[in-house]
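Only one structure is covered here, and it is reproduced in the block below.
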Amino acid sequence: MNIVFFGSGGFALKSLEALVTGAHKVNLVVTQPDKPKGRHLALSSTEVKSKAEALGLKIIQPQNPNSQEAINALKEIPADLYVVISYGHFLKEPLLRLPKLYPLNVHASLLPKYRGAAPINWAIINGERETGVSIIRMVEAMDAGDILLEKKIPIDDNDTAVTLEEKLSTLAAGALTRAIQLIEKKAEKFIKQDTSAVSFAPKLEKRHGEINWSNGAAEISRQIKGLTTWPGAYTYYKGKLLKLWSAEARKENSKNPGEILEAGAGRLIIGTARGSLEIVELQLEGGRRLSAAAFLSGHNLAPGNKFDKAVS
RNA sequence: CGCGGGGUAGAGCAGCCUGGUAGCUCGUUAGGCUCAUAACCUAAAGGUCGUCCGUUCAAAUCGGACCCCCGCAA
């Protein structure tokens, strides 16, 4: 099959590899332009671009893939299928009609649930027990196309956004390979999405990471796991940003959400509205990521202090 | 040159502003206490204070350059 691959994020890497090793001709990789990133705002390329370079594939990075200019370039490239994974730009009608067969999208949820930019994170935050990947035929509406294939996977208690993305990206590569086999045999069947079951997984923003200690310990724990590595769940200590990387919900209750219940012998326990939270790994602004024990040996935290914006 | 914090014993930190014996918590080792212990008590070991240059009688501390780590922002 002649394929044009649209992708940017790390979730797409395994699928791209699978296409290349699967004897398909990836005639072009479309990825987001290099952007200033990190400290000192150095330009950095997308993960897909780096991988595509390593694979020796042709790459374009249009500012707007729907522009006439981009479309003209794409018309030159033979394509039976477009494969779109974690690309990061909405694709519109004229572009979607370019491939001989159709544009496929690989999405990291069981559609119609969790349409949108951050399905993996929101599935964890909301405490879903299972999720999966969906391969759909793209239409001009966000993640709304007919479903060709879905694969399920359980969400483990220990899963974070990072571990789950890893699992799902592997699952996605397999599902994509299978979907293309079906298409080659002209055996593909599409199922319409149940519009009554639609839910959304909006793009993550920094503010989603701020911990509200008036939530329950279990919720906060899921927030921490669902938001690694970005934006991460955070609170404040002595006016500085304090990221919580890993924590476990405990049963002991506290009258004062955000209050330090225990800080010693390697244990750091914070009260929440329902239950308490034992912090396992944390990171203070400017510092590196530390175990609770290491953090405590250098910071004199006393029970009764609170983790919050204004307090010391 | 986007903004900012930091590099001091194995770990995490204080000391730096106001130069002049290197300190805290934990860990390690030895001894003690105990029916016993990762608990408690006592003692010890362990540091070119990121690197180089400069100022000074004297630099972890002041000035400069460079290296490395990190938060924000994007």
Side-chain angles (χ1 to χ4, degrees), chain A residues 6-12 30-51 59 61-65 86-90 116-118 120-121 160-162 165 201-213 220 223-248 250 252 258-270 277-312:
Chain A
F6 292 70
S8 298
F11 180 69
V30 185
T31 192
Q32 292 272 342
D34 293 359
K35 287 178 184 166
K37 231 183 168 183
R39 284 169 216 120
H40 315 302
L41 303 181
L43 278 186
S44 79
S45 45
T46 67
E47 294 181 66
V48 164
K49 182 182 177 186
S50 304
K51 171 63 73 177
I59 299 164
Q61 300 177 274
Q63 201 62 238
N64 175 9
S86 182
Y87 172 54
H89 204 119
F90 192 78
I120 300 171
N121 306 275
T160 66
V162 172
E165 177 179 316
K203 186 174 177 178
L204 294 176
E205 294 171 33
K206 181 69 182 176
R207 63 181 173 82
H208 289 128
E210 179 157 2
I211 290 171
N212 179 356
W213 293 103
I220 295 172
Q223 182 184 11
I224 292 169
K225 288 185 282 192
L227 296 180
T228 35
T229 57
W230 192 90
Y234 58 90
T235 183
Y236 295 89
Y237 170 65
K238 288 190 174 176
K240 285 187 176 177
L241 188 84
L242 181 72
K243 269 192 190 173
L244 304 188
W245 281 99
S246 170
E248 288 172 21
R250 295 265 179 269
E252 308 98 66
E259 178 186 27
I260 296 168
L261 297 180
E262 196 177 324
R267 280 158 64 87
L268 178 56
I269 300 184
I270 311 299
L277 201 64
E278 173 163 0
I279 296 171
V280 178
E281 269 189 311
L282 69 173
Q283 178 176 24
L284 192 60
E285 176 182 333
R288 51 181 79 230
R289 181 173 169 172
L290 300 173
S291 68
F295 184 84
L296 286 172
S297 59
H299 296 86
N300 198 13
L301 298 190
N305 283 353
K306 290 184 81 174
F307 275 170
D308 214 338
K309 241 176 183 145
V311 188
S312 58

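The sequence lines fix the lettering, A, B, ..., with proteins before strands; numbering per chain opens at 1.
- The nucleotide B/U42 finds its pairing partner in B/A30, both defining distances of the Watson-Crick or G-U wobble pair being shorter than 3.5 Å.
- Within a 6.0 Å sphere centred on CG of A/Asp34, other residues, nucleotides and ligands contribute more than 12 heavy atoms.
- Both distances falling under 3.5 Å, in either a Watson-Crick or a G-U wobble arrangement, place B/A65 opposite B/U51.
- Straight-line distance from the NZ atom of A/Lys238 to the P atom of B/G5: 17 Å, rounded to whole Å.
- We find that A/Arg250 and A/Glu248 are joined by a salt bridge, their nearest charged nitrogen and carboxylate oxygen being less than 4.0 Å apart.
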Residue pair A/Ile270, A/Thr235: steps toward the side-chain contact (heavy atoms from CB on, under 4.5 Å) verdict: CA-CA 11 Å; A/Ile270 311 299; A/Thr235 183; over 6 Å; no
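- Atom NZ of A/Lys37 is surrounded by 12 or fewer heavy atoms from other residues, nucleotides or ligands within 6.0 Å.
- The nearest whole Å value for the distance from the CG atom in A/Leu290 to the P atom in B/C26 is 17 Å.
- Here, B/G15 and B/U56 have their P atoms 28 Å apart, quoted to the whole Å.
- Using C1' as the reference atom, B/A73 and B/G10 are 36 Å apart when rounded to the nearest Å.
- The separation of B/G64 from B/G5, taken at their P atoms, amounts to 14 Å, rounded to a whole angstrom.
- A perpendicular orientation is assigned to the rings of A/Phe295 and A/Tyr237, their planes being inclined by more than 60° (bins at 30° and 60°).
- Taking the P atoms as reference points, B/G6 lies 22 Å from B/C52, given to the whole Å.
- The side chain to side chain contact (heavy atoms under 4.5 Å, CB included) check on A/Arg39 picks up nothing, with sequence neighbours excluded.
- In this structure a side-chain-to-backbone donor-acceptor pair under 3.5 Å is missing from A/Ser8 to A/Gly88.
- Nucleotide B/G12 has B/C24 as its partner under the Watson-Crick or G-U criteria, with both atom distances under 3.5 Å.
- One atom, OH of A/Tyr237, and another, C1' of B/G5, lie 16 Å apart when rounded to the nearest Å.
- The separation of B/C35 from B/A22, taken at their P atoms, amounts to 43 Å, rounded to a whole angstrom.
- Comparing the C1' positions of B/C24 and B/A9 gives an interatomic distance of 12 Å, to the nearest angstrom.
- Applying the Watson-Crick and G-U wobble criteria (two distances, each under 3.5 Å), B/G71 pairs with B/C3.
- Atom NE2 in A/His299 sits about 18 Å away from atom P in B/C24, given to the nearest Å.
- The gap from the C1' atom of B/A14 to that of B/A60 amounts to 12 Å, rounded to the nearest Å.
- Remark: P of B/A11 and CD of A/Glu281 are 17 Å apart, rounded to the nearest angstrom.
- Searching all strands for a Watson-Crick or G-U wobble partner of B/G19 with both distances below 3.5 Å returns nothing.
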Would you give a per-nucleotide map of nucleotides 68-73 of chain B, 5' to 3', where B means the base has a protein non-hydrogen atom under 4.0 Å away, S means only the sugar-phosphate does, and - means neither? -SBBBB
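- Taking the six-membered ring for Trp and thresholds of 30 and 60 degrees, A/Tyr234 and A/Tyr236 have ring planes more than 60 degrees apart, a perpendicular arrangement.
- For B/G23 and B/C16, the C1' atoms lie 14 Å apart once the distance is rounded to whole Å.
- Remark: C1' of B/G5 and CG of A/Leu242 are 14 Å apart, rounded to the nearest angstrom.
- Applying the Watson-Crick and G-U wobble criteria (two distances, each under 3.5 Å), B/U56 pairs with nothing in any strand.
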